2 protein chains.
Amino acid sequence: MSGISSAGPQPADLWPEVQPDAARRLMLAGVESFARRGYHATTTRDIAATAGMSPAALYVHFPSKAALLFAISRSGHEQVLALAQQAVDEAADPATAVRDLVERFTAWHARRHTIARVVQYELEALPEQQYGVVASLRKDIERLVRDVVERGCADGLFTVGDAGTAARAVLSLGVDVARWYTDRSRLTPEELGSEYGDLVLRMLGAAATPGS
Amino acid sequence: MSGISSAGPQPADLWPEVQPDAARRLMLAGVESFARRGYHATTTRDIAATAGMSPAALYVHFPSKAALLFAISRSGHEQVLALAQQAVDEAADPATAVRDLVERFTAWHARRHTIARVVQYELEALPEQQYGVVASLRKDIERLVRDVVERGCADGLFTVGDAGTAARAVLSLGVDVARWYTDRSRLTPEELGSEYGDLVLRMLGAAATPGS
DNA sequence: CAGCAGTGTAAGCGAGCGCTCAGCGCGGAT
DNA sequence: ATCCGCGCTGAGCGCTCGCTTACACTGCTG
């Protein structure tokens, strides 16, 4: 039986706090399976087999297949929000904030492309109530980006036709990385983040790009 | 029973050549259903009901549920390739080519966001052989964009760190529109395409933007 | 030692799935 | 008048799904 260790380069430090160990292995197996085939095409038997357990073991730790997806999705969204918030908080000006935010956001979607695929593309499989929780986190992320773009425009650092549309475009670039990035991609997550940082600042019409 | 006419603003001129009429109605119903809930979460009974038929009617016109997806996906990819090719062929220089390509590519993904969602996000549900056909079309599209970006760099019109990455970014912006655009979005498909044309040309470091 | 909470399994239930099949109605050709 | 073939249907087959149940093992506590 193939365990997690043979299922690709899954970072061992994901969810170090999840207890017991079997629950974390189930989350890792869920991420792997959902990312590869999509939530609806994944069976509880797939997940259990990937985690090296019997199908019934899933229900010892999660009340349903959907609850497993929710645990994965919420955790991922919280990571992204925290990472974006940190970039903005640490930056001295909107241009630096946008650069750092794009670098980290993009690198996260590349390095964690497996979980990112679940986070970005399996949303609508969530039951309504749990979808609401995740949707709220997504709104926070979007507002964060829109606000910093608007601040940059107000400060005369950026020149864009429409701040909302520009913010959407910034997020789109990063999100879409999860769709196409693989471990065989030519650029490392950090290199890609750096490239995208350049592209985005120019896209926003930033006069002078702050150093990375 | 709810027919296609109540299932949202589906353009009537999609696939005017598909015969008989019932086959086209099934494709429209399939697009609607696959876009809303995903291929695997959609049942043949859903599709048939949306098209106003019994479940068995699907199999008069398509050999399988997957074949219906393939018909939709191939047609969509061919439309996108044709539209992109036309933009490049008609343009006098790479900068104009990129602007026109982005405008039309983006506007297509906005106006046809329902079919675009199926085209871009339900790929992996295709059986291997049919996936190959679609993957080939996707490579054509990607090469088209990469080539025109590289030509622009060679002509000194664009300044990018990495042409391949920049081309990916250009496509990403357009593709991701299918994920978030709805009929209630603030900008029309054409307005969005125009905005994105501006953003992309600046992103590519184009010195002077050609008029749209 | 007994009792118990936590963790796991083998077996299988009820439901809904993709798809099949025998046959019906009807317009057009003979 | 008869027949054919296309489009379509009602019924349902075989299968797999998410999930449940009854039970077993382990290690800790009293």
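All values below were derived from every heavy atom in this structure, side-chain atoms included, with hydrogens, water molecules and symmetry-related copies excluded. Worth saying up front: this structure is predicted, and the values here are computed from it rather than measured. In what follows, every chain begins at residue 1, and chains take the letters A, B, ... in the order their sequences are listed.
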Side chain to side chain contact (heavy atoms under 4.5 Å, CB included) partners for [X], two or more places apart:
X        : result
B:Ile141 : B:Val80, B:Leu81, B:Leu171
B:Tyr59  : B:Thr44
B:Ala125 : B:Tyr39, B:His40, B:Leu69

CG of A:Asp46 versus P of D:dT16: gap in Å, rounded? 13 Å

Specify the separation, in whole Å, of atom CZ of B:Arg37 and atom C1' of C:dG16. 14 Å

I need a per-nucleotide contact map over nucleotides 18-23 of chain C, read 5' to 3'. Cutoff is protein heavy atoms under 4.0 Å; write B for the base, S for backbone only, - otherwise. BBBB--

Quick one: which residue pairs count as a side-chain hydrogen bond (donor to acceptor under 3.5 Å, both in side chains) with a foot in residues 115-125 of chain A, not counting sequence neighbours? A:His109-A:Gln120, A:Gln120-A:Arg138

Taking five pairs at each end, how big is the angle between the two axes of the helix from C:dC1-D:dG30 to C:dT30-D:dA1, to 10°? 20°

For [X], enumerate each residue passing the side-chain hydrogen bond (donor to acceptor under 3.5 Å, both in side chains) test, keeping only those at least two apart in sequence or located in another chain.
X        : answer
A:Ser54  : none
B:Asp140 : B:Arg143
B:Thr43  : B:Asp46

Set of salt bridge (Lys or Arg N to Asp or Glu O under 4.0 Å) partners for A:Arg184, sequence neighbours left out: none

Would you please name every residue forming a salt bridge (Lys or Arg N to Asp or Glu O under 4.0 Å) with B:Arg151, sequence neighbours left out?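 Counting only residues at least two positions away or on another chain, B:Arg151 forms no salt bridge (Lys or Arg N to Asp or Glu O under 4.0 Å).
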
Starting at CG of B:Asp183, measure out to CZ of B:Arg111 and round the result to the nearest 0.5 Å. 10.5 Å

Distances under 3.5 Å between protein N/O atoms and the N/O atoms of nucleotides 3-8 of chain C, please, pair by pair.
unit_1 : atom_1 : unit_2  : atom_2 : d
C:dG8  : OP2    : A:His61 : NE2    : 2.6

